[in-house]
There are 2 protein chains.
Amino acid sequence: MLKQKVDQLELKAKLFRGFGDVTRLSILEAILEEEKTVTEISEELDHSQSNISNHLSCLSECGLVKTRREGKNRFYSLGDRRVAKLLKQSDDILTDIAEGIYSCVNYKK
Amino acid sequence: MLKQKVDQLELKAKLFRGFGDVTRLSILEAILEEEKTVTEISEELDHSQSNISNHLSCLSECGLVKTRREGKNRFYSLGDRRVAKLLKQSDDILTDIAEGIYSCVNYKK
DNA sequence: AGAACATATCATTAATTGATGATATGTTAA
DNA sequence: TTAACATATCATCAATTAATGATATGTTCT
């Protein structure tokens, strides 16, 4: 395979791994409608501040969320409306193949 | 969060992790147009037979690919046209946010 | 039945990733 | 400037995942 092609695939894999974690998906859902601060998100999801912050910086670096500072706070929101769209479409697929995924043994959770 | 909601998110995370690996993405691309055998795929991608077979059984369990037997061979193809669609859409997103993902440090590859 | 081929499975190891707690940085208000 | 708050970063540890080699299963052909 061409190196360029491999690079492209690695990018794509990274993109999907951004979505491939329950905590990150929860974060994305939490800010789907409205921007929120780190503290709000970590309280809502009941995870530690540092955990959420780490995931957010991951999502942020990858362009999946954007942030804006206001006073002491940092508000996070979706970086691109297509992120929401992609999430939505995965729902549709899930509806049909949920059973299979549920029983998929290759990933614990 | 509701337990049901969490389950839903775990399914979704699993789905995305199915796509979140270069080898699996390569496999999906390799069979995007036409069904192929395990041997064909492993030669094309230059990975061991067992590695490809393992990934295929993962993809298969999750309903992302389907298989049909013909003699000694097993032909694999995409399990759902929406899988292709999802891959296609990730391309569009990537076009815009590739820079960010490229420099994203949270995943090695 | 036995040989050759195609694929699947399994155990082990190596690499990657997520969570946590401690600490650092930056901001506001007294 | 100091205290209080909000967020980020870092090191460490635990858990998860991918790759490999060896072996097992299943199929075809002679």
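Letters go in sequence order (proteins before strands), and every chain restarts at 1.
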Is there a path of hydrophobic side-chain contacts, each under 4.5 Å between heavy atoms of I, L, V, M, F, W or Y residues, that connects A:Leu28 with A:Phe75?
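Different clusters.
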Distances under 3.5 Å between protein N/O atoms and the N/O atoms of nucleotides 13-16 of chain C, please, pair by pair.
none

[X] side-chain N/O to [Y] backbone N/O, donor-acceptor pair under 3.5 Å:
X	Y	result
A:Asn51	A:His47	no
B:Lys36	B:Ala30	yes
B:Ser53	B:Gln49	no
B:Arg24	B:Gly18	yes
A:Arg17	B:Gly20	yes
A:Asp80	A:Arg82	yes

Before giving the answer on side chain to side chain contact (heavy atoms under 4.5 Å, CB included), spell out for A:Arg74 and A:Thr37 the whole-Å C-alpha distance, their side-chain angles and the decisive distance to 0.1 Å.
CA-CA 5 Å; A:Arg74 236 171 219 297; A:Thr37 68; over 6 Å; no
Can you tell me the distance, in whole Å, between the [atom1] atom of [X] and the [atom2] atom of [N]?
X	N	atom1	atom2	result
B:Arg68	D:dT27	CZ	C1'	15 Å
A:Ile52	D:dT7	CD1	P	12 Å
A:Leu45	C:dG18	CG	P	15 Å
A:Leu56	C:dG18	CG	P	14 Å
A:Lys14	C:dT17	NZ	P	9 Å
A:Glu61	D:dT7	CD	P	18 Å
B:Ile27	C:dA8	CD1	C1'	14 Å
A:Glu40	D:dT7	CD	C1'	13 Å

Filtered N/O pairs between nucleotides 19-22 of chain D and protein, under 3.5 Å:
residue: D:dA19; atom: OP1; partner: B:Thr23; partner atom: OG1; Å: 3.4
residue: D:dA19; atom: OP2; partner: B:Asn51; partner atom: OD1; Å: 3.1
residue: D:dA19; atom: OP2; partner: B:His55; partner atom: NE2; Å: 2.5
residue: D:dG21; atom: O6; partner: B:Ser50; partner atom: OG; Å: 3.1

What closest approach, in Å, do B:Leu86 and B:Phe19 show between heavy atoms, and which atom pair accounts for it?
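It is CD2-CE1, 3.6 Å.
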Using a cutoff of under 3.5 Å, can you pull out all pairs of nitrogen or oxygen atoms linking the protein to nucleotides 2-6 of chain D, with atom names and distances?
residue: D:dA6; atom: O3'; partner: A:Lys72; partner atom: O; Å: 3.4
residue: D:dA6; atom: O3'; partner: A:Asn73; partner atom: OD1; Å: 2.9

Considering every strand and a 4.0 Å limit on heavy-atom distances, what is the contact class for B:Phe75: base, sugar-phosphate, or nothing?
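B:Phe75: no heavy atom of the nucleic acid under 4.0 Å.
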Using a distance-only test with no angle check, is there a side-chain donor-acceptor pair under 3.5 angstrom linking A:Glu40 and A:Asn73?
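There is no such pair between these side chains.
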Take atom CZ in A:Arg68; do more than 12 heavy atoms of anything else shown fall under 6.0 Å from it?
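Yes, the 6.0 Å shell around CZ holds more than 12 heavy atoms from other groups.
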